[in-house]
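Just below is one structure, and these are the notes that go with it.
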Amino acid sequence: MEPSTLLRIAIGEARVGMFVHALDGSWLDNPFWTRSFTLASKGDVARLQRSPVRSLLIDLAKGLGPSGAVAVTDEGGSRRVAVPTPIARPRLASAETRELRRAAAILHETTRELRSLFEGVSSGRGLDLAVTRDVVSDLEAAVRERPRALLTVTRLKTKDEYSYRHSVAVCALVTHFGRHLGLDASLVRNLGLAGLLHDIGKVAIPSALLGKPGKLSDDEMALMQTHPQAGYDLLRDEADLPEVVREMCLHHHERIDGRGYPAGLSGEAISMPVRILSICDVFDAVTSIRPYKDAWSSETALARMSQWHGQFDPVLLLRFFQGIGVGSTGMGVGARIDHTAQAQLVGISHV
Ligand SMILES: [Fe+2]
């Protein structure tokens, strides 16, 4: 049972001196490195208010309340008001910075390598599969060792690097998800390869169209939708690339209800690896933080993606969000989902 000194407040009420018992939402949306901590500076408050977190639980026994006083419950149950003691910065801040720096360095390096790989394919030199496998291994290790840091930095996208960073992010997400599902190591690696290569067919699309802001015309959309087949064709001669990887690239825009492309596959005709890839692909697209577009929080992605009936495998969608701890106030990977989200997801699993 939660202590009686806990109080849930809206994010706008957060202030210096409060002790945060827990943030509502996914650990992916938590801008701090620890679940419980003191808001020690205006910078901490600003950082919290810039994050997707919308509400939090504060502990009145350990920090200030909304009125500025500290309410403490004595053993006998009576309450008194205490003067707040000076606040130290959270000691884990430097560990957070170190982890994020390492993750950012991995993101920078793998993005650079992916750009070079795609340029090789674009100029007709073919795919350097050994380097591609190395990039997948690096990302697989990084997401295993520091999932939160890596999956946090991969959300940040720049306009120039968007498509490369998206591919790196999807590679990390499918690897993380595959391991959460307990899949065989070789399938996890193939998922990683497909995550990295799924949009390789976009090298055949004019860059003006790829970077075009706003809505596409019907003709432009039709051209854009050729990229899965173009990717499959580009990878067709890669004898050492498993066929399952090519198929994931070809079918990553299919939908369970048959309204996807290029083949309009439906239901059981869409393999489990393809279903996994399509969830991770869309999740990264909607939660990416870009300078010109608002990102959805992981909670919003859960709420909205759950409503897109017919697009995803509903059971796998539940497992995916469990794997990134959405719906739980816990920080751990695979943290238990809360009852509200559970009920919501059980509801859609029968659609
Ligand atoms: Fe795509």
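Basis for what follows: all heavy atoms, side chains included, without hydrogens, waters or symmetry-related copies. The model shown is predicted, which means the values in this text are computed figures rather than measured ones. Both counts, for ligands and for their atoms, begin at 1 and track the order of listing.
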| query | Is there a side-chain contact between L64 and F19 (heavy atoms, below 4.5 Å)? | reply | no

| With a 3.5 Å cut-off and no angle check, do the side chains of D219 and S217 form a donor-acceptor pair? | no

| query | Which atom, among the N/O/S set of H252, is closest to the Fe ion (ligand 1)? | reply | NE2

| field | Heteroatom N/O/S of D199 within less than 2.8 Å of the Fe ion (ligand 1) | value | yes

| query | Is the H198 to H251 ring centre distance short of 6.0 Å? | reply | no

| field | Heavy-atom side-chain contact between H21 and L56 under 4.5 Å | value | no

| Hey, is the Fe ion (ligand 1) within less than 2.8 Å of some N/O/S atom on H198? | no

